Amino acid sequence: MTNRRSFLSTLMAGPALALSTSVRAISPRKTNKPIIISTWDHGVPANEAGWAILSAGGSALDAVEAAARVPEADPKSRSVGLGGRPDRDGFVTLDACIMNEKGNCGSVAFLQNIMHPISVARKVMEKTPHVMLVGEGALQFALDQGFKKENLLTEESEKEWKEWLKANPPAPKQKINIENHDTIGVIALDEAGNLSGACTTSGASYKLHGRVGDSPIIGAGLFVDNEVGAATATGWGEAVIRIAGTHLVVEYMRQGKSPETACRLAVERLISKNPDYRDIQVGFLALNKAGEYGAYCIQPGFDYAVYDKQTPNKLLKSGSRL
Ligand code: SD4
């Protein structure tokens, strides 16, 4: 006969048994680590720098910072750091953020004359109680931290901007995939199983002076949740901010979606909120805790670089909606 005690112990054993069965049923997937992934083709040299750190057992945080610094210092990368296209008034203004496995983050926006905003963002994370510094304050902080002030407007960028001024009314352009790309977003999973991310850009070309995009905004241009995964965004930042794009991608992954499906669902959400979606480009790139990755964008043309043990630095095409 079932007495109260045995009934209660059956009740308690039930879920415990069910749990242990389900834990056994899901055989742990082998984690693909270390891995580093980055947006666009400048992701290839960026990944090289990150992989050198990851493959030596270094942290994802160090890897993403080192990767982001590569296009920042490359005058041929025309949308990041040195040589970045200026705003409508001819000023190169930079946005960047970084986030680690503890959910710590640092960000700078509307920063001028500093070649490595990503490293300034890391200092904001590590040396201040704040997340975000902008403009003059960010510059002053960078100088206090020992960064050097330099002119980032290269001759080539200046010439192009002057030509643009002649040919265009002074209004910012939205067609990012055609002439305005490309931000670098980098995410990595290290040997210890920790995720971090970095995102850095000179923003939309010929933007209004003072404009800040999605790239320095945690949850828009970049988001990392070490339990689930990480995501970064590129493209027309205003549309990304409106849906808190990378936070959304990570939340879809938390619900069990693959990185590519999570990115596609975020693109679909964005499209549902932006009737002008045919005129803009946005791409999301994501990596989960198991080291699986994926990307999705509105218009064809978004590619991303992957470096892991199976794929030594390949450029892959993202799926697209149109
Ligand atoms: C911005 N998202 O400032 C950036 C620009 C970009 O590829 O990603 N271009 O809106």
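As the structure is a computational prediction, the values presented were derived from the model and not from experiment. Starting from 1, each residue takes its place in the sequence as its number. One-based numbering, in listed order, for ligands and for the atoms of each.
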Look at the rings of Phe223 and His247 and say which category their plane angle falls in: under 30° parallel, 30 to 60° tilted, over 60° perpendicular.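 Geometry flag for His247 against Phe223: perpendicular rings.
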Numbering as shown, the atoms of ligand 1 that approach [X] to under 4.0 Å (heavy-atom distance):
{"X": "Asp214", "value": "1 (C), 2 (N), 4 (C), 10 (O)"}
{"X": "Gly203", "value": "3 (O)"}
{"X": "Asp182", "value": "7 (O)"}

Nearest heavy atom to atom 4 (C) of ligand 1 wins, so pick from Cys199, Ala220, Gly235, Pro216.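 Nearest heavy atom to atom 4 (C) of ligand 1 lies in Gly235.
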Atom 5 (C) of ligand 1: of Val240, Val282, Thr183, the nearest heavy atom sits on Thr183
Report the distance from atom CG of Asn47 to atom CD1 of Ile36, rounding to the nearest 0.5 Å.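 With rounding to 0.5 Å, CG (Asn47) is 5.0 Å from CD1 (Ile36).
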Can Thr200 and Glu72 be counted as having a side-chain donor-acceptor contact under 3.5 angstrom? yes
Is the NZ or CZ atom of Arg278 positioned over Trp236's six-membered ring, under 6.0 angstrom from the centre and within 45° of the axis? no
Residues in side chain to side chain donor-acceptor pair (under 3.5 Å) contact with Arg321, at least two apart in sequence or another chain: none
Which bit of Ser215 gets closer than 4.0 Å to ligand 1, counting heavy atoms only: side chain, backbone, both or neither? side chain
If you measure every N or O of Gly237 against every N or O of ligand 1, does any of those distances drop under 3.5 Å?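 Looking only at distances, the answer is yes, because the N/O contact criterion of under 3.5 Å is met.
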Is there at least one pair of N or O atoms, one from Thr234 and one from ligand 1, spaced under 3.5 Å apart? yes
Residue list, side-chain contact (heavy atoms from CB on, under 4.5 Å) with Leu265, at least two apart or on another chain: Tyr252, Lys257, Thr261, Glu268
Can the ring centres of His130 and Phe141 be said to be less than 6.0 Å apart?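 Aromatic pair excluded; centres sit 6.0 Å or further apart.
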Has Gln281 got any heavy atom lying under 4.0 angstrom from an atom of ligand 1?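 Heavy atoms of Gln281 never come under 4.0 Å of ligand 1.
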